[in-house]
Amino acid sequence: MTPEEILAAPPRVLSQQQREHYFSQGYVCLESFLPADVLAEMVAVTAEFVDASRSETKPGAVFDIGPGHGPERPVLRRLKRPDDQHEAYWRFAKGLIADMAADLAGPDVVFHHAKLNFKWFDESDSVKWHQDIQFFPHTNYNVFTIGCYLADTDMQNGPLAVLPGSHLGPLYDQYDQSGSWAGCLQPQDAAAIDMSKAAYLTGPAGSITIHNCRTVHYSPASKSPLPRPLLLNCYSAADAKAYTAHPDPSSHTYEVVRGSAARWAAHDPRPCLLPPDWSGGYSSIFAAQAGEDG
Ligand SMILES: O=C(O)CCC(=O)C(=O)O
């Protein structure tokens, strides 16, 4: 569906202005959006997982831990597939947030993946400039990620930042000079970005970020000892079909969360960089960008 066709249907959650902003700029930010009871549940469940990670000693299938992680000072970079780890996360992904997804994808929406990213003031927690779709190419670009901050997030604790309008620009090469997957723009491409144009998506706990899969984005290192949890849920229009192995499928991957499954795939002619074959396993964007994948 075209943005015009999607916008012609009445919205469920977003305002028409917010939808238009997403389509023209490639992102939108909704401050203090989550109802207090929903936020409180997400925060409480997340605290349990941070505690559970304390005994982990190496990055694994559920907890991606960073250098220096230990029982006293958790450096949990990511809780993988939260939708499979606790029912509350899946209820969240297929409830209010799926309604929001239908405002942007059109009536037929498929869940792609979820992840819960943290920052811990360990100076290794910046996420370099990248685009998402090269990690999981689809037949069209009606694919996006809805983030929810589970703690107040300002310029001190590493907010998500986007380059407005970049979803309409080129897709970048995310391999390094030696041909290894880097999961980020090559240094010369990143250096060419006009940092004065970056939009930093900040807000109190319960604020929402949405970015399109082509939107160039990054997040700076946290300068605060307070953790920054960002719960990310990724969706596609049902007619956007993945054509490479899913990096980290959960039991809900490709589940139709609104409307019906597609009979026909819609194909965007703009080409997409292919990722490595991850059918044998995937670590995380943090590991790839830090060169930990070997
Ligand atoms: O956690 C963040 O700040 C950004 C994460 C991100 O862009 C990603 O995981 O693709």
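Computed from a predicted structure; not experimentally measured. Counting convention: from 1, in listed order, for ligands and their atoms alike.
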S.K.: For His217 and His211, take the angle between the two ring planes, folded into 0 to 90°, and tell me which bin it lands in: parallel under 30, tilted 30 to 60, perpendicular over 60.
M.R.: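 Ring orientation of His217 relative to His211: tilted.
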S.K.: Is a salt bridge present between Asp99 and Arg258, judged by a nitrogen-to-oxygen distance below 4.0 Å?
M.R.: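 Arg258 and Asp99: salt-bridged.
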S.K.: Which atom pairs, nitrogen or oxygen on both sides, join ligand 1 and the protein at under 3.5 angstrom?
M.R.:
{"unit_1": "ligand 1", "atom_1": "1 (O)", "unit_2": "Asn117", "atom_2": "ND2", "d": "3.0"}
{"unit_1": "ligand 1", "atom_1": "1 (O)", "unit_2": "Arg228", "atom_2": "NH2", "d": "2.8"}
{"unit_1": "ligand 1", "atom_1": "3 (O)", "unit_2": "Ser219", "atom_2": "OG", "d": "2.6"}
{"unit_1": "ligand 1", "atom_1": "3 (O)", "unit_2": "Arg228", "atom_2": "NH1", "d": "2.8"}
{"unit_1": "ligand 1", "atom_1": "3 (O)", "unit_2": "Arg228", "atom_2": "NH2", "d": "3.4"}
{"unit_1": "ligand 1", "atom_1": "7 (O)", "unit_2": "His130", "atom_2": "NE2", "d": "3.1"}
{"unit_1": "ligand 1", "atom_1": "7 (O)", "unit_2": "His217", "atom_2": "NE2", "d": "3.1"}
{"unit_1": "ligand 1", "atom_1": "9 (O)", "unit_2": "Arg78", "atom_2": "NH2", "d": "3.1"}
{"unit_1": "ligand 1", "atom_1": "9 (O)", "unit_2": "Asn117", "atom_2": "ND2", "d": "3.3"}
{"unit_1": "ligand 1", "atom_1": "10 (O)", "unit_2": "His130", "atom_2": "NE2", "d": "3.0"}
{"unit_1": "ligand 1", "atom_1": "10 (O)", "unit_2": "Asp132", "atom_2": "OD1", "d": "3.4"}

S.K.: According to side-chain contact (heavy atoms from CB on, under 4.5 Å), who are the partners of Pro204, at least two apart in sequence or on a separate chain?
M.R.: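 Glu31, Ser32, Asp152, Ser207.
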S.K.: Mind listing the side-chain donor-acceptor pairs of residues 225-239 below 3.5 Å, one per line with the distance, residues two or more places apart or on another chain?
M.R.:
{"unit_1": "Arg228", "atom_1": "NH1", "unit_2": "Gly158", "atom_2": "O", "d": "2.9"}
{"unit_1": "Tyr235", "atom_1": "OH", "unit_2": "Ala93", "atom_2": "O", "d": "2.6"}
{"unit_1": "Asp239", "atom_1": "OD1", "unit_2": "Asn140", "atom_2": "ND2", "d": "3.3"}

S.K.: Going by salt bridge (charged side-chain N to carboxylate O under 4.0 Å, His left out), name the pairs with one or both residues in residues 39-49, residues two or more places apart or in two chains.
M.R.: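 Qualifying pairs, neighbours excluded: Glu41-Arg91.
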S.K.: Among Leu116, Asp64, Val62, which one satisfies side-chain contact (heavy atoms from CB on, under 4.5 Å) with Lys80?
M.R.: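 Answer to the side-chain contact (heavy atoms from CB on, under 4.5 Å) test with Lys80 among Leu116, Asp64, Val62: Asp64.
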